[in-house]
> 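A single structure is presented below for examination.
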2 protein chains.
Amino acid sequence: MSIQTRRERERAERERLIVTAARELAEAEGWDAVTTRRLAAEIEYSQPVLYSHFKGKGAIMAAVAVQGCADLAQEMRTARTAVKGTRKALAAVGEAYTTFGRRRPALYDAMFTHAVDLPFATPDAPAALQEAFGELVRAVEPIAAPGDDVGLLTETYWAGLHGLVTLVRSGRLPEEAHEQRLALLIGHFTAGMGAGAEAD
Amino acid sequence: MSIQTRRERERAERERLIVTAARELAEAEGWDAVTTRRLAAEIEYSQPVLYSHFKGKGAIMAAVAVQGCADLAQEMRTARTAVKGTRKALAAVGEAYTTFGRRRPALYDAMFTHAVDLPFATPDAPAALQEAFGELVRAVEPIAAPGDDVGLLTETYWAGLHGLVTLVRSGRLPEEAHEQRLALLIGHFTAGMGAGAEAD
DNA sequence: ACAGATTGGCTAGCGCTGCTAGAATTCCCG
DNA sequence: CGGGAATTCTAGCAGCGCTAGCCAATCTGT
């Protein structure tokens with residue numbers, strides 16, 4: 001039994017190594033540079049080893065994406081709990097989200113841009129995904145009007161943030177006015193709130 | 001001179017043929033199916049002919065994207081002028097935009113998702129791009145508050161629409177509640193308007 | 001402790017991609 | 001009708017994701 005567990009442990013560690021190498025390579029040189037040959041060289045094994053861990057390159061990217069979601073969730077939580085007030089919390093989370101997307105573009109692409117067959121909006125989505133979405137929900141929920149569906153409202157806010165990130169990153173929108181656009185988005189989502197709800 | 005012009009005319013026609021074939025193939029089977037070999041077979045020429053017209057596959061996709069922008073601009077204009085009232089106009093354009101994105105996903109990807117080196121937010125952007133954005137501006141401008149920068153507000157609205165389209169299309173958001181999310185987005189963008197501005 | 005079974009990794013290769021050099025053909029003009 | 005220019009095609013390069021089949025190291029049963 002000890003031998004079995006040791007092997008499983010080593011195998012799990014190698015799997016972690018693959019995912020880490022893929023993420024680092026992608027963040028350093030973009031996903032185009034992440035080829036199975038290059039990745040195999042990076043982990044100092046031959047190509048077929050990758051396929052004994054993952055079904056293919058897409059599955060490796062999916063694993064990186066899940067890891068990235070955990071990172072994003074943590075950054076959003078930190079941002080949200082660092083400020084006081086519902087309006088500020090929504091802004092902080094929005095800021096954290098877009099900053100993440102612009103600071104770690106390759107990771108962001110794996111998570112939200114590239115086609116990747118992960119279950120997303122279902123109960124059997126990976127925990128990290130649900131955590132990240134949950135952070136958004138916690139920020140949006142306080143600004144929802146009485147009759148609003150919080151889930152749908154969160155998804156809509158998410159879409160706004162995602163649009164800003166992707167359009168800026170792909171050069172469709174100039175980078176410089178990003179903060180102003182983000183402020184506009186947040187402003188419109190908090191416009192319906194009661195005026196005296198908080199002391200700014 | 002007559003011969004020269006005839007050749008140029010034939011050449012221009014073949015270029016149109018390439019772009020059309022690329023668009024149709026992409027819309028029928030996705031961009032992965034649009035290989036240079038396949039495209040060459042489709043137009044009944046050999047591969048290198050493509051490279052005498054375009055710098056590479058990316059340039060062909062860019063040409064398709066520009067053509068798509070013209071289509072989108074027209075559909076948005078039709079939608080906008082078909083209704084009366086600023087709020088309804090904004091909704092109609094948003095609806096037209098997202099419908100376009102979901103009805104012609106391959107075209108939409110070439111325009112707004114895939115990396116393509118087209119000048120976007122500059123004066124030397126292709127006319128079709130500026131037209132499409134101009135249609136958005138015309139719909140957003142009436143709902144802008146006095147101090148607002150209309151351009152930035154339009155970009156923000158665009159980002160919201162783009163986020164909705166891409167997240168739904170990639171399976172990150174369930175398709176069914178799309179209309180409700182769109183209504184939420186539009187609602188928040190028109191929330192600041194004076195109540196009696198129009199008769200619904 | 002040793003023979004046989006099993007696991008696991010590697011070499012080599014398939015079919016495909018975007019793209020291009022150089023041969024071959026076609027066309028125009030004198 | 002022949003020479004020169006423009007144009008198109010054949011053939012191939014390097015690299016991609018992925019996999020079949022061999023080979024060595026390891027574990028198991030006696």
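Convention: sequence-line order gives letters A, B, ...; per-chain numbering from 1. Quantities reported herein were computed from a predicted structural model and do not represent experimental measurements.
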> Walk me through whether Arg104(B) and Asp71(B) qualify under side-chain contact (heavy atoms from CB on, under 4.5 Å).
CA-CA 11 Å; Arg104(B) 311 181 71 177; Asp71(B) 287 9; 3.1 Å; yes
> Write down the distance between CD (Glu10(A)) and P (dT26(D)), rounded to a whole number of angstrom.
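Going from CD in Glu10(A) over to P in dT26(D) covers 11 Å.
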> Measure from CD1 on Ile18(A) to C1' on dG9(C) and round the result to the nearest Å.
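It works out to 13 Å between those atoms.
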> I'd like to check Val137(A) versus Phe133(A) (side-chain heavy atoms, cut-off strictly below 4.5 Å). Are they in contact?
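They are in contact (side-chain heavy atoms under 4.5 Å apart), so the answer is yes.
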> Quantify the bending of the helix from dA1(C)-dT30(D) to dG30(C)-dC1(D) as the angle between its end axes, each fitted on five pairs, to 10°.
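If I round to tens, the end axes sit 10° apart.
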> For atom CD of Glu10(A), is the number of surrounding heavy atoms from other residues, nucleotides or ligands below 6.0 Å larger than 12?
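Enclosed.
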> Let's go through Val64(A) and Trp31(A) carefully: what are the C-alpha distance in whole Å and the side-chain angles of both, what is the deciding distance for side-chain contact (heavy atoms from CB on, under 4.5 Å) to 0.1 Å, and is it a yes or a no?
CA-CA 11 Å; Val64(A) 172; Trp31(A) 280 109; 4.0 Å; yes
> Determine the interplanar angle of the His162(A) and His162(B) rings, folded into 0 to 90°, and report it as parallel if under 30°, tilted if 30 to 60°, perpendicular if over 60°.
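His162(A) vs His162(B) ring planes: parallel.
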> How would you summarise protein contacts on nucleotides 6-19 of chain D per nucleotide, using B for base, S for sugar-phosphate only and - for none, with heavy-atom distances below 4.0 Å?
S-SBB-B---BBBB
> Separation of Met61(B) atom CE from dG18(C) atom C1', in whole Å?
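In whole Å, dG18(C) C1' lies 13 Å from Met61(B) CE.
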> Students often mix this up, so state it plainly: with edges at 30° and 60°, are the rings of Trp158(B) and Phe120(B) parallel, tilted or perpendicular?
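Answer is parallel, since the angle falls under 30°.
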> Verify the distance criterion only: is there a donor paired with an acceptor across the side chains of Thr35(A) and Arg37(A) at less than 3.5 Å?
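Their side chains do not contain a donor-acceptor pair, so the 3.5 Å distance test is not met.
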> Separation of Glu15(A) atom CD from dG8(C) atom P, in whole Å?
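Result: 14 Å.
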> Whole angstroms only, please: what is the CG-P distance between Leu50(A) and dG9(C)?
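Atom CG in Leu50(A) sits about 11 Å away from atom P in dG9(C).
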> Decide yes or no on side-chain contact (heavy atoms from CB on, under 4.5 Å) for Arg77(A) and Arg80(A), but give the supporting numbers first.
CA-CA 5 Å; Arg77(A) 159 167 269 135; Arg80(A) 182 173 55 82; 4.2 Å; yes
